[in-house]
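Side-chain atoms are counted along with the backbone in the values below, which use heavy atoms only and exclude waters and symmetry mates. Chain letters run A, B, ... following the sequence lines, proteins first, then strands; residues in each count from 1. Computed from a predicted structure; not experimentally measured.
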Amino acid sequence: MSLPPIEPVEPMAHLAGLNPEQLAAVTAPDGPLLVLAGAGTGKTRVLTCRLAHLLVTGRVRPGEVLAVTFTNKAAREMAERVERLIDRSVQGMWLGTFHAMGVRMLRAHAELVGLEPSFTILDTDDQLRLSKQVIQAAGLDERRWPARGLLALIQRWKDKGWTPERVPEAELSDFALGRGRELYAAYQERLRTLNACDFGDLLLHGLELLTARPELLERYQRRFRAILVDEYQDTNVAQYLWLRLLAQGHRNITCVGDDDQSIYSWRGAEVGNILRFEQDFPGASVIRLERNYRSTGHILGAAAGLIAHNRARHGKTLWTEGEAGEPVRVAGLWDEEEEARWVVQEIEALQRRGEPLASIAVLVRAGFQTRAFEERFIQTGLPYRVVGGPRFYERQEIRDAIAYLRLVVQPDDDLAFERIVNLPRRGIGEAALKTLHGAARGSGRSLVRTARELVLTDELPARTRGALARFLDQLDRWRGVLGERSPRAMAELVLEESGYVAMWQAERTPDAQGRLDNLKELAEALEEFEGLGSFLEHVALVVDGAAEAGADVVSVMTLHGAKGLEFDTVFLAGWEEGLFPSQRALDEGGARALEEERRLAYVGLTRARRRCAVSFAANRRLYGQWTTAVPSRFLAELPAEHVEVLHRSPRARPDWELLGDPLPALRPAPFRTRRLAADRVLEGRAEILASRPPAGSRTFRVGERIFHDKFGYGRIEAIDGDKLEIAFEKAGRKKVVDSFVDPA
DNA sequence: GGATTGTGTATTTTT
DNA sequence: TACACAATCC
């Protein structure tokens, strides 16, 4: 008996090449679905294919989809992949981060939570400043109750979905003698006055909307006929509640995640969400993806053996049909420098064998560990890149520039005003600001408005008043030409005329040029936008700087930063007790934290496709102190059959004694002269020189009034080539190089 | 208002 | 050790 021939159906092309479990997940019928996708099992593929499948089969239209991710990068990738699969735009779909979806909802209904639709989204800096103001206003000792602490607390509460009145009593005891709720409320009040939100609010207010307005909830429930969630193990309570509300009606929710890769509990993620899925959504289907397409057998075996030591997990058994490959190598080194030397030497050997550097990564637990590697990379001249670190829009100069633009667009933006009113120095210091604040509080007006009134009175010293008046005039002028110029031209005008660019040009530090480059990059990024307003919205939510991709360099990053990535060869450095697992995590979170550290180790191991090496050092300098380290307990948890130990065996039980007489091959050499440091200083100098305008390149006239960043205002008395003799108002007569001076 | 000295702290990071 | 921040001095 022969089956009828299966007609190749073109629209089903997106199903090609899926394995049975993947196919089951992609084509699963309506209803709650949890896809437990182990590392390297095609998680993203399944999610995008399912979305494409829903669309192609006509089960939903694009406008009926809500697809949430955690990062903008993930959202972008998802959009691109789906578009490629269905060969059509995903226009109309709600696809983005939780926060982006939150803003979208909130902009539409801002007035219902006491905001105007034009509300601003604060960055971390602004939040901190606000928190500080709240602490001060409450008359608390800032040393004992630091602003950071309050902010962290508020964030934690928001992650849990608690508005001030809903914070449980039991939570209140530890901060500021139980005044936490009151401070939180004051912070929220300030936000409302500023017509602003912090990141937590984007979800919290959304939650408020959906709970307080049944008709709205119903509207969104009806609208989103399909909800898809990526990285479900990373959701916090607020996000979970958000999803539960929206999915309540039809329960068409697909969550994809891996409990074994939950590594963000410290910022509110609850592994419990994914572990509880079947209780939360009774009748849910659970599909496990266990076939790994990424790593060799040995790497997978090592990772599986390690993670099996965790108790709180769904449990999956990854398998592969690929080759066993090389065992995971474990190397004990004398100290961090030798560790770096060993790793770099291994990388050089790979390079000689033709391996691209871009296929190699060094992963560490904490940021400070990258330094030893950087030094070694510089010494050997091997191209590398430290991934992570402060992101583009978090850089000081970018935030400053954005504050300028915000102030031009939104005249009452007090936080932006405070940030840049005296940057560059204009002689409007703390005292002046205090007077301003006092007057503003009295009248309930914004600082800028208050300033306008104050410059007409005698309340400020003449000098300060003049400076402030000049600054306000500048603001007016910029605002006046706002309509006539492109966002880019506008930014260039403001940054030039304000003296902000000149400030960095005069700065004598090696990174000043980099900052100027970043400013230029910002201006270029502005090209894409119609108006400054839309740019500012974008920048509040979107992270990425222009990561120069494609270069053939070794990547150095933290384990957290490596999540979601993969490399042919991975070096996992610093596997020592106290560092990894981190002592601090253990102290604060006990057994639960240990499991998270172990998941982090698991994430590290499973980043590797073909080769993985783990290293630890016997001695490490922590906070300037040499400490003796004990090899990480995680080393002992790697199954012996998947591991090859170099330089003697720490494997059976990683007690330092068992390593043999402290690694005979490795002699102590902790103290070593650092020629490198000196080289770097020289390099820095060269950069400073290059970044200054060429001497004599500016035309100054005798008698001209100038401003010097250090010495303040003055008048040019004489000119000798690039040297100016200046009578400073405060600092007296001095000779300075013209590049450090600007026209007043 | 700005420079200087002193003190305290020290993971992981996205939005 | 190294850095950021706040109190202190000029």
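Each of Ala431(A) and Gly388(A) was matched to the nucleotide of DNA chain B holding its nearest heavy atom; the match closer to the 5' end belongs to Ala431(A). Two residues, Thr124(A) and Thr464(A), neighbour DNA chain B, and the one matched to the more 5' nucleotide by heavy-atom proximity is Thr464(A).
Rounded to an integer number of Å, the gap from CZ of Phe98(A) to P of dT15(B) is 13 Å. The CD-C1' distance, from Glu336(A) to dT1(C), rounds to 12 Å in whole Å. The distance between atom CE of Met101(A) and atom C1' of dT14(B), rounded to the nearest whole Å, is 15 Å. Distance Arg156(A) CZ to dT15(B) P: 22 Å, rounded to the nearest Å. Computed from coordinates, the Gln155(A) CD to dT15(B) C1' distance equals 10 Å when rounded to whole Å. Look at CG on Leu151(A): it is 13 Å from C1' on dT15(B), rounded to the nearest Å. The interatomic distance linking Phe199(A) (CZ) with dT15(B) (C1') rounds to 4 Å, in whole Å. Atom NZ of Lys158(A) is separated from atom P of dT15(B) by 18 Å (rounded to the nearest Å).
At distances below 3.5 Å, at least one donor-acceptor pair connects side-chain atoms of Arg107(A) with backbone N or O atoms of Phe119(A).
At least one side-chain heavy atom of Leu209(A) sits less than 4.5 Å from a side-chain heavy atom of Val113(A). Side-chain atoms of Glu336(A) and Gln369(A), non-hydrogen and from C-beta on, never get closer than 4.5 Å to each other.
Side-chain N/O atoms of Asn72(A) include one lying less than 4.0 angstrom from OP1 or OP2 on dT15(B).
Spacing of P atoms, dT11(B) relative to dA4(C), comes out at 13 Å, to the nearest Å. Of the P atoms belonging to dA2(C) and dT13(B), the separation is 22 Å, rounded to the nearest Å.
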Sugar-phosphate or base contact per nucleotide [nucleotides 2-10 of chain C; S, B, -; heavy atom under 4.0 Å] = ----SS---

Write down the protein N/O and nucleotide N/O pairs, taken from nucleotides 10-13 of chain B, whose separation is under 3.5 Å; answer none if there are no such pairs.
residue : atom : partner   : partner atom : Å
dT11(B) : O4   : Ala585(A) : N            : 3.4
dT12(B) : OP1  : Gly367(A) : N            : 2.6
dT12(B) : O2   : Trp266(A) : NE1          : 3.3
dT12(B) : O2   : Arg365(A) : NH2          : 2.6
dT13(B) : OP1  : Thr558(A) : OG1          : 2.5

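For Tyr264(A) and His560(A), the ring centers sit closer than 6.0 Å to each other.
For the residue pair Ile428(A) and Ala432(A), the shortest heavy atom distance occurs at CG2-CB, 3.9 Å. Closest approach of Ala74(A) to Thr69(A), counting heavy atoms only: CB-CB, 3.9 Å.
Taking the centre and axis of the six-membered ring of Trp626(A), the NZ or CZ atom of Arg620(A) falls outside the cone set by 45° and 6.0 Å.
Backbone-only engagement by Glu430(A) is indicated by non-hydrogen atom pairs under 4.0 Å involving sugar-phosphate atoms exclusively.
For the side-chain contact (heavy atoms from CB on, under 4.5 Å) with Val603(A), the lone residue among Ile307(A), Leu565(A), Leu363(A), Ile263(A) that qualifies is Ile263(A).
Under the rule for a ring pair (Phe, Tyr, Trp, His ring centres under 6.0 Å), the partners of Tyr184(A) that lie at least two apart in sequence or sit in another chain are Trp157(A).
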